[in-house]
Every structure is written in structure tokens, then in C-alpha cells.
There are 2 protein chains.
Amino acid sequence: MAKKIQPIERCDCDVIHEEIVNKVREKMPQEETLYDLAELFKVFGDSTRIKILWALDESEMCVCDIAFLLNMTQSAISHQLRVLKQAGLVKSRREGKIVFYSLEDEHVKQIFDQGLIHISEESK
Amino acid sequence: MAKKIQPIERCDCDVIHEEIVNKVREKMPQEETLYDLAELFKVFGDSTRIKILWALDESEMCVCDIAFLLNMTQSAISHQLRVLKQAGLVKSRREGKIVFYSLEDEHVKQIFDQGLIHISEESK
DNA sequence: AACACACTTGAACAATTACTCATATGTTTT
DNA sequence: AAAACATATGAGTAATTGTTCAAGTGTGTT
């Protein structure tokens, strides 16, 4: 079912502000970069995943440890770990029956910190 | 319809790793803080909103300018601006018929930058 | 080999979400 | 006052998502 794409009607102020719009358009990053950025933040946009990442920043943990820590089922945690792994945020290591997860890189905490700065600013 | 809450069964390795789990639990931030953090990142987790924020980081713009820039309807942009405003990320200023939007604070770019660092690391 | 354990995975379902469309509000122009 | 313009908003809808449940895989133990 192809969606009808109607061209967006320009309004008067677009014409007036044309210079600004063109300048901004030039400076915008590639469409794909912005999409990837949104995809990354989408991964951070769930409190379960935030908790998992925060926990793994403290210590490598196995799936059932995380499940117990967050009081959730192993299945739910496993699903979320999959999302985090696909996003390149965590890695896993098998030791017999047990699979240990840990953070893939150190940027995670820095992204959190920037978010926390905003939150604390806002509550002033 | 009350959902049946069954306590999460502890597995053997929880008992073994009890120390680690307890240590991590102590260090975890408040439940509410982690929830707020997820809510903030959820706002960044959409490419339309990312584009709007990026555009506003370049220049104050009115709704129809943004709509034209992103080739989307004014209504769609207006809805997203509302989300961004509620998250405390943008502010608005009326000048006659026209409403100009701009970034509320300077952290936005820093959060973007941290995200971009992760993306560029990943593609190595 | 049979079983138990730690984990993964696919389907199903409820909840959320981004957009569209129609309509409403607020401002300026005629 | 009426019309035009810029924006906001509410309802509706298709798509996405987080969890549960049931069944599967891989590893160690008996």
C-alpha cells in the first residue's frame, strides 16, 4: 500500500527565512548519521536497559544475576541483552553453563553522565 | 486486571555471586533517576526529533521553516516540538503569527557528541 | 544416556508511539 | 468583521516495542 506523498507546501515565512534554512541544511550531518544516532539513543531509552548497563558498569555479571538484581525474568533480561549486544554496547563470554556480560566500551558512562547533567539542570 | 506477580526464582549462580550482586545493588542510583534518564534518552531516540534538535543547534527557527527543512508537515513537527518542550530541550518565543523555537540548554550538543563517538568507534 | 541448569529464541499480546487528517486557537491583514 | 496565516491539538491508525509464555540450545552432572 504505497503512501501518497504530497509535497510540503511552503509558507510565506519559509521564503523570508530561506537563507537561514539553506544555511542550516548545509550544516546538517548525513541523513544516515542522524538515523544511527537516533537508533543508539533508542537503546538507551528504556529503563530496564539503562539499569542493565549501569549494573554492568559496576561489574561483569551473568544473566541470572542481572535478573535477580532487577527482579525480572531471565527471559526478559536475555531479550534486552540481545538488543544491547546488537547495538555494540555489551559483550558476552561463556564459562561453562554461565554466560557473563560486560560493557563493550567506556563511552556508556559518559553518555549517562551527560544525560544526568541535563536532568539535574532541569530540576533546578 | 491485576497482573500476577510471581517472585523471581533465584538460581544457583545467584547464591554464588551474591556478594557481587549486593555490591552492585548498593551502587545503583535511585530507581527514579534511572527512569528519568531513560525518559530523556527516549526523546533522543527518534530521528525526526534528532534532526529538529540538530537544526535548532544551528539556528533559531520557526515551525514552518523546520517543516520545510525536513520535508514534513507542520502538524508532525508541531507534535514533536511539544515532546521536546515537555522534555525541557527546547523553548519557544512568539513574534506575531510566528513561533520561534530554540534550544533550551547547551547540553544537547554534548549528548549528541558522546553518541557520535560511540557510533564512530563501532564502525571501525 | 538422562537429567538439570543457564541461557536463548519465537510467537503472542498489551502498551506505546509517530504520523495524518480535521479542526481549533491566536495573530495580522483587509 | 471577515479572511488569511502560523501554529496547536485531539482522534484515529499503522507500526513498533517490552514482556510473558512455551519450547529450544548448549553445557555439566549423575
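Below, read A as the first sequence line, B as the second, and so on, with proteins coming before strands; counting in each chain starts at 1.
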S.K.: Cation over ring, B:K109 on B:W54, under 6.0 Å and within 45°?
M.R.: yes
S.K.: Run the salt-bridge test on A:E31 and B:K51 with the 4.0 Å N-O cut-off and return the result as yes or no.
M.R.: yes
S.K.: Would you kindly check if the NZ (Lys) or CZ (Arg) of B:R49 is within the cone defined by 45 degrees around the ring axis of A:F41 and under 6.0 Å from the six-membered ring centre?
M.R.: no
S.K.: How many whole angstroms separate atom CG of B:D65 from atom C1' of D:dT7?
M.R.: 13 Å
S.K.: Is A:H79 stacked against the base of C:dT8, taking the criterion as centroid distance under 5.5 angstrom and interplanar angle under 30°?
M.R.: no
S.K.: Hydrophobic cluster membership, with links at side-chain heavy-atom distances under 4.5 Å among I/L/V/M/F/W/Y: are B:F100 and B:V63 in one?
M.R.: no
S.K.: For A:A76 and A:R94, take the nucleotide of DNA chain D holding the closest heavy atom to each; which residue's nucleotide lies nearer the 5' end?
M.R.: A:A76
S.K.: Can you tell me how far P of D:dA8 sits from CG of B:L84, to the nearest Å?
M.R.: 12 Å
S.K.: On the nucleotide D:dA8, are OP1 or OP2 found under 4.0 Å from the side-chain N or O atoms that B:Y101 carries?
M.R.: yes
S.K.: Counting distance alone, no hydrogens or angles: does the base of C:dC21 have a donor or acceptor under 3.5 Å from a partner atom on the side chain of B:S75?
M.R.: yes
S.K.: Please give, in whole Å, the distance from C:dG10 C1' to A:R82 CZ?
M.R.: 10 Å
S.K.: Write down the distance between CD (A:E39) and P (D:dT17), rounded to a whole number of angstrom.
M.R.: 7 Å
S.K.: So which one's nearest nucleotide on DNA chain D is more toward 5', A:T48 or A:E95?
M.R.: A:T48
S.K.: Looking at every strand, decide which applies to B:K85 at a 4.0 Å heavy-atom threshold: base, sugar-phosphate, or nothing.
M.R.: nothing
S.K.: Whole angstroms only, please: what is the CD-P distance between B:Q74 and D:dC5?
M.R.: 12 Å
S.K.: Nearest nucleotide by nearest heavy atom, which residue falls closer to the 5' end of DNA chain C, A:I77 or A:K97?
M.R.: A:K97
S.K.: Distance alone, cut at 3.5 Å: any donor-acceptor contact between the side chains of A:S59 and B:K23?
M.R.: no
S.K.: Take atom CE of A:M61 and atom P of C:dA6, then tell me their distance rounded to the nearest Å.
M.R.: 15 Å
S.K.: Return the value, rounded to whole Å, for the distance between atom CZ of A:R49 and atom C1' of D:dT16.
M.R.: 12 Å
S.K.: Is A:T73 near enough to D:dT20 that one of its side-chain N or O atoms lies under 4.0 angstrom from OP1 or OP2?
M.R.: yes
S.K.: With sugar-phosphate meaning primed atoms plus P, OP1 and OP2, does B:F100 contact a base, only sugar-phosphate, or nothing at under 4.0 Å between heavy atoms?
M.R.: nothing
S.K.: Could you tell me the separation between the CD atom of A:Q80 and the C1' atom of D:dT20, rounded to a whole number of Å?
M.R.: 13 Å
